[in-house]
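Before any comments, here is the structure.
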Amino acid sequence: MASNNSVGQGDDPEPAQFLELKQFHSAGRGFWSDVSETDWNDHRWQLKNRITSVAHLQRLMPLAPEEEAGAKLANTKLALAITPYFFNLIDPTDENCPIRRQVIPRIEETRAASWEMSDPCGEDSHSPVPGLVHRYPDRVLFLVTDRCAAYCRYCTRSRLVSNATGYDFHPEFDKQIEYIRNHPEIRDVLLSGGDPLLLSDEKLESLLSQLRAIPHLEFLRIGSRIPIFLPQRITPQLCAMLKKYHPLFISIHTNHPRELTTEVRDALGRLADAGIPLGNQSVLLRHVNDDPWILKALMHKLLMCRVRPYYLYQCDLITGSWHLRTSVRRGIEIMEQLRGHTTGYAIPQYVIDAPGGGGKVPINPGYVLSHNNDRVVIRNFEGRVFEYPEAVDGTPIAAPKRTCEPELVEHSS
Ligand code: SF4
């Protein structure tokens, strides 16, 4: 099919793989076909039956030597845990399966590049009370737990989550809330962790209601990968509770279109029906999603699930993640092949979280070719060059004397 929606050259056909990736499939039951429907759809059953050891993994699938060695050492760095539901998305016959690379440890994790860090975003140095990060003037990161439903091998907070390295994580909710109450400049709280949706409805509601009672808080956010790892947790009861605390946004985290199953689509639909604006954060990962077709399929599926793509992160310099990192050059190439080639809503902002706590820096292909007092020269997604006349700032009462005609001039490329 020739299409102006295609990635790269305008007349490239869309590969069949792209169309297949855009389909929604159920994760199925796999090894758990004899489990009752009630248990399978119960998030507590899913959590209780997670795969957490190399022996358990080996009973379910053959491991590559690098995975076996990595899984043996994982619990000294970042725990191994995979829900049965999410395990079913792994292709056990494909060592390069993009789902597998995200959750099955490899021995490469235990080696660090010299530029890697245990706290690449510099969070610990901006923590006024345990569990709270106040890095930017008007917003805070409120860490609620160090547990997740499954553990991502590139996790930025792997120093902390799963507590495999003995990090002293003891959030003190009362102190965290008191700090926010005493800082009227804070208008936005992001609950994160670990995964806040692992808290019980009651505990989460207690937190949300205390935060909502603080008059200067304009909106609340939750960052969660639960809808992807454990869609069973997104119950109608949870959604009914969350909708009492609007404006409340949820940022999910998904990296590959195969993660968006029918189960996930239904769970996201329940959140969207509760009026919760949904965004997605992805991490650019080598051999997982470092391909424009894969990311384009992911972004299209997110929109079909009523989720707005938000950020595409260059992988943070977390210790032991070098084997999953792509070049920034590759990231820019991918963005170049998305922007203009598909719906603007489907384009996330590619960012680097500046090492050491510099914050998110947007990284874009160079669309501004030159800029002076008279004009901006820009190129579009097709490489065509245009001039845009520069305006005079301020509020001119009379029309200023023009030195050039403000006409759009298209240059032939
Ligand atoms: S779900 Fe988030 S916090 Fe948990 S391991 Fe994955 S990236 Fe880290």
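Not measured: the values here are computed from a predicted model. Both counts, for ligands and for their atoms, begin at 1 and track the order of listing.
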Using the ring of each side chain (for Trp, its six-membered ring), is Phe87 parallel, tilted or perpendicular to Phe31, with breaks at 30° and 60°? tilted
Protein heavy-atom partner closest to atom 7 (S) of ligand 1 - residue, atom, separation in Å: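 So the nearest neighbour among protein heavy atoms is Cys152 SG, 3.7 Å.
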Closest to atom 2 (Fe) of ligand 1 among protein heavy atoms sits His253 ND1, 4.4 Å
Paired with Phe229, the side-chain contact (heavy atoms from CB on, under 4.5 Å) test is passed by just one of Val264, Val103, Leu47, namely Val103
Start with the C-alpha gap between Arg100 and Glu95, add the side-chain angles, then the distance that decides, and say whether salt bridge (charged side-chain N to carboxylate O under 4.0 Å, His left out) holds. CA-CA 8 Å; Arg100 181 172 179 157; Glu95 203 189 312; 5.9 Å; no
For Phe24, is the NZ or CZ atom of Arg265 found under 6.0 angstrom from the centre of its six-membered ring and inside 45 degrees of the ring axis?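 Relative to the ring axis of Phe24, which defines the angle, Arg265 lies inside both limits.
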Quick one: does ligand 1 sit under 4.0 Å from the side chain of Cys148, the backbone, both or neither, non-hydrogen atoms only? side chain
Contact flag Cys155/atom 4 (Fe) of ligand 1, N/O/S atoms, threshold under 2.8 Å: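 Of the N, O and S atoms in Cys155, none lies under 2.8 Å from atom 4 (Fe) of ligand 1, which means no.
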What I want to check is whether the side chains of Thr254 and Asn280 have a donor and an acceptor closer together than 3.5 Å. no
Using a 4.0 Å cutoff against the non-hydrogen atoms of Arg225, which atoms of ligand 1 qualify?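 Numbered from 1, ligand 1 contributes 1 (S).
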